[in-house]
Amino acid sequence: MAAVIGQPLKRREDPRLITGSATYTDDVRLPGMLQAAFVRSPHAPARIRSVDASAARALPGVVGIFTHEDLADFWKAPLPCAWGAYPLLKNPAHWPLAKGVARHVGDPVAIVVADSRAAVHDAIQQVRVDYEPLPAVVDLDAAVAPGSPRVHEDLADNISFTFDHKTDGVDAAFARADHVVRRRLRQQRLVPNAIEPRAVVADYRRADGQLTVWAATQIPHLLKIFSSGLLGLPEQRVRVIAPEVGGGFGSKLQVYPEDIATMAAAIHLGRPVRWTMDRREEFTSTHHGREGVMDVEAAFTRGGEMTAMRVNWLSDMGAYNMLNGPFVPILGFLVLPGPYRNRELEAHIKGVFTNKTPTDAYRGAGRPEATYLLERLMDLAAAELGLDPVDVRRRNLIRHDEIPFTTATGMTYDAGDYHATLDLALKAIDYAGLRREQASRRQAGGKLLGVGFSTYVEACGLAPSRATSSSAYGAHLYESALVRVQQSGAVTVITGSSPHGQGHETTLSQIVADRMGIPVDSVEVLHGDTQNTPIGLGTYGSRSLVVGGQAVVQACTRVQDKMRLIAAHKLECRPEDVAFGDGRLFVQGAPTRGVAFAEIAATANLGSHAGMPEGMEPGLEATAYFSPENFSFPAGTHVCVAEVDPETGRVRIRRYLAVDDVGVVVNPLIAEGQVHGGVVQAIAQALFEDLPYDADGQPLGASLMEYAVPTSMDVPDIESAFFVTPSPSNAIGAKGIGETGTIAGTPAVVNAVIDALAHLGVRDIDMPLTPPRVWRAIREAGTGGSSRPFAESGEGGRSA
Amino acid sequence: MKVRITVNGTLTEREIEPRTLLVHYLRDELGLTGTHVGCDTSNCGACTVLLDGDAVKSCTVLAAQADGGAVATVEGLAASGPLAALQEGFWEAHGLQCGFCTPGMLMAATQLLRRNPDPTDAEIRRGLEGNLCRCTGYANIVRAVRLAARKGA
């Protein structure tokens, strides 16, 4: 049988998706189902003086309108922050519906339930809320300044948490430095914008108190656990089903106010209730990603070796701590050393409350911020020291023979060859040729050329429970799987992971087929229903293959051990001599002595005891849980080649190459797809996307009309190549693929644009690098375009 | 008001509120949930269907405007059995991940290939500019349409 690991098999999930026959949450239809919608605050902070729902209640079709107080009996606990155990965290109560004060534009104030979509939308317009606007906290520096208004009046300040770390030699290294690079780097606010809007359907059966929930979620088990706790329901009476889920990128790794409020309304009314987000709600009520400012200084030798780094990082939590919000910058902290040898690090992180939509994980979660900081530093050091950015990286990259390497943040990189991925990338792009072309274009005038690098390492496979518990995270981060061999020899895998586009059904089938020596088509993979899946922590953090896949391997191994015993009994050989292949179990070294896989399956499930060893239980299934000992560490080199039109500031990416070491690749078709999508989201952050707020806390451009999710016209083809060093963290050897693109890609693009303009003296442009910003940077550097092509108000928007 | 709309070759007739959008007619009245709603500003294209042969965003067309017309949705692409060349192309080229934008992409690409049976990559990108995908980065969607064109969609 040909190897199935490494085969670019077409996906098992696709037939239902390409025919319109998949069921997403909004496709669920239940008899008597009602529609919910939310009345949301139009102000950033505002005291809620009163809510008058009388006019709305009188409208036809309206079934109920509820505020925080109306449903007070349901709220047993505020919404969760999994970082609750961290002693320095201040965690003000966050209720599903605002209690007294709405703290950001979009904060839900009331839930309205009606018998149709149209009726509920009519009704929310008629709910009169008397607001008393309060001063808004928007800017991060102002938020932490003494005397700032407070987002939470019962707290002393706007600091959600602080995190400090300093190695012993930092001050000495700065004292000795030949050169210090200092910068303030900004991460703008990103809106995840999965194309499937968030949705939840809650169905409560009064007769026995059973709550069944369909939800567009990455974490059905966590949503079940938290829902039962928050609403005071017995855990065994709550079932959460994640049906088809249309993308997440972290945004569906959450326990949202609307989820819990919709469930409470369904219980209260005793009827099924559905809520599906409007896209505009994505911009104010789905958690956002990334906003922060990082003040960094880095000590370098004359030759470009980094000897110490200091970072002061203000990370915007928005109005509340969400499920993992405070964990995001900490995850970034873990990879602040990057793939570089420097072991002197001082980092001070503050989570900051502001009157903006809360933030939490968005594809990469903290690690893109860390990588951006480091990779900008490498280029800035090169520019200030008159060195080539590739040479600076070479000088600092950990060598293959130094691995395992323990960093300043306690990460032990266990496999990788960072120089090799850089070498591969340089060869593929003809670096010397690009530099020649860059020089000649600068001579000739016209469009300028830049080359940008990002050499990165990420910590994935979230996460070793030892690490999470030592950092006060309130949960293990294991994964689970059940493997059942049916009597026909078909195999059912039930994973605790919960995919939303990643192709688990295909990849996990390949793993099982490989280990059991059976056709991929005889394996089915089930997921997403808490009633029949073992508890799993969900799909995020590039963990489903690395952690979830290993759980599948372990469950497989247990089932196979039993199958070996049965085969040995039939074949009269030692169990350890039994091998799997070609749909058979056979004696190693004597392949003609064998028995069909299906025969063992039949014997164990339905066959007579005669075929089984004395005393063996019938059945063929096993459940396994896997909690990793270490993170996995994908690494690699991304290169962006960009053209910049100095007349307009427009950027065109001519070439983008990703050389990624994600360990063993199970399905290259799927892996490349993950790289493509991730890199395009990275390009989007670098060039297009931003949700700014005005001084009153109003989001500016909160719709897809203004917020520039890239179209097919905005991005290039992405070239993806894999370099493999197997991860020792799991038997598959995989390191995780979901986040490489966003972690590595953004600084490669920014570096390329700034490299194109370097000869003009441009060193910094804040993201996103829109045409007006690039044009202005050229102008401010004292040369470039001949007129002002954009009005001041022309900021933002895509470059096409 | 009453509307009569032929959907995937079958005449449908319903009494609806005048403000009913075509996409809600398809999803809620007919139970054809393959056509998705991804936004409310006609930016994302997840709701794309063909109305009298032209790709339209069914979240910005009233069902009343389709009265007397013929609508084709994703459910009709392979109604007669085998997958359409575009569906095969998307499957083979891994032109989808979460699948939510896919029905709209397929319908927009159907129009594209009818108008231009042998498009260049640039023409494919231009033809699908009105459909957002957040997962694939578009490269494999372009490849999928190219494969379908080669097979003669």
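What you are looking at is a predicted structure, and each value in this text was computed from that prediction instead of being measured. By convention in this document, chain letters (A, B, ...) are assigned in the order of the sequence lines, proteins followed by strands, and residues within each chain are numbered from 1.
Looking at His36(B) and Glu196(A), their side chains never come closer than 4.5 Å, going by heavy atoms from C-beta outward. For the pair Tyr138(B)/Ile718(A), no side-chain contact is recorded, criterion being any heavy-atom separation below 4.5 Å from C-beta on. Residues Thr35(B) and Pro103(B) have side chains not in contact (no heavy-atom distance under 4.5 Å, counting atoms from C-beta outward).
Between the side chain of Gln218(A) and the main chain of Gly250(A), a donor-acceptor pair closer than 3.5 Å is present. With hydrogens and angles ignored, the 3.5 Å screen pairs a side-chain donor or acceptor of Glu281(A) with a backbone N or O of Asp278(A). Side chain of Gln685(A) to backbone of Thr742(A): no donor-acceptor contact under 3.5 angstrom is found. Here the side chain of Ser544(A) pairs no donor or acceptor atom with the backbone of Thr539(A) at under 3.5 angstrom.
Interface remark: of the candidates Gln674(A), Gln681(A), Arg279(A), Arg280(A), Arg279(A) forms the most heavy-atom pairs closer than 4.5 Å to chain B. With respect to chain B, the highest number of heavy-atom pairs below 4.5 Å among Val680(A), Leu17(A), Thr276(A), Thr23(A) belongs to Leu17(A). When Leu96(B), Leu106(B), Asn140(B) are compared by the number of non-hydrogen pairs under 4.5 Å with chain A, Leu96(B) comes out ahead. Ranked by heavy-atom pairs under 4.5 Å with chain B, the first of Pro8(A), Ala684(A), Pro192(A) is Pro192(A). Ranked by heavy-atom pairs under 4.5 Å with chain B, the list Glu13(A), Glu244(A), Arg117(A) is led by Arg117(A). Considering only heavy-atom pairs separated by less than 4.5 Å from chain B, the leading option among Pro716(A), Gly741(A), Ser712(A), Ser21(A) is Ser712(A). Contact tally against chain A (heavy-atom pairs below 4.5 Å) for Ala93(B), Gly34(B), Gly99(B): the top residue is Gly99(B). Heavy-atom pairs under 4.5 Å with chain B were tallied for Ala194(A), Gly503(A), Ser703(A), Ala118(A); the largest tally goes to Ala118(A). Heavy-atom pairs under 4.5 Å with chain A peak, among Asp40(B), Thr102(B), Leu32(B), at Asp40(B).
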Would you check, one step at a time, whether the test side chain to side chain contact (heavy atoms under 4.5 Å, CB included) holds for Lys151(B) with Glu92(B)?
CA-CA 12 Å; Lys151(B) 284 181 187 168; Glu92(B) 198 169 324; 3.2 Å; yes

Output, in order, the C-alpha distance, side-chain angles, deciding distance and verdict of side chain to side chain donor-acceptor pair (under 3.5 Å) for Ser720(A) and Glu672(A).
CA-CA 6 Å; Ser720(A) 165; Glu672(A) 278 174 20; 5.0 Å; no

Checking Phe100(B) against Cys98(B) for the side chain to side chain contact (heavy atoms under 4.5 Å, CB included) test, could you report, in this order, the C-alpha distance in whole Å, the side-chain angles of both residues, the deciding distance, and whether it holds?
CA-CA 6 Å; Phe100(B) 196 82; Cys98(B) 82; 3.7 Å; yes

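For the residue pair His527(A) and Glu505(A), a side-chain donor N or O sits within less than 3.5 Å of a side-chain acceptor on the partner. Counted by atom type alone, Asp660(A) and His638(A) present one or more donor-acceptor pairs between their side chains at under 3.5 Å. For the 3.5 Å distance criterion, the side chains of Arg198(A) and Thr286(A) qualify, holding a donor opposite an acceptor. Counting only N and O atoms by type, the side chains of Tyr362(A) and His288(A) include no donor and acceptor under 3.5 Å apart.
For chain A, the nearby parts of Thr41(B) are the backbone and the side chain; heavy atoms of each come within less than 4.5 Å. Using a 4.5 Å cut-off between heavy atoms, Leu9(A) does not touch chain B at all. Interface residue Asp28(B): backbone and side-chain heavy atoms are both found under 4.5 Å from chain A. Of the atoms belonging to Val245(A), it is backbone heavy atoms, and not side-chain ones, that fall under 4.5 Å from chain B. Contact of Val142(B) with chain A is not made at all, since no heavy-atom distance falls under 4.5 Å. At a 4.5 Å heavy-atom cutoff, the contact between Leu83(B) and chain A is made by side-chain atoms alone. For Leu128(B), the parts sitting under 4.5 Å from any heavy atom of chain A are the backbone and the side chain alike.
Interface residues of residues 10-27 of chain B toward chain A, defined by a heavy-atom distance below 4.5 Å and sorted by number: Glu17(B), Arg19(B), His24(B), Arg27(B). Interface residues of residues 48-66 of chain B toward chain A, defined by a heavy-atom distance below 4.5 Å: none.
When each of Arg16(A), Arg11(A), Lys10(A) is tested with Asp14(A) by the rule salt bridge (charged side-chain N to carboxylate O under 4.0 Å, His left out), just one qualifies, namely Arg11(A).
For Arg126(B), the CZ atom counts as loosely surrounded, since its 6.0 Å shell holds 12 or fewer non-hydrogen atoms of other residues, nucleotides or ligands.
Salt-bridge annotation for Arg134(B) and Glu282(A): absent, with no side-chain N of the basic residue lying under 4.0 Å from a carboxylate O of the acidic one.
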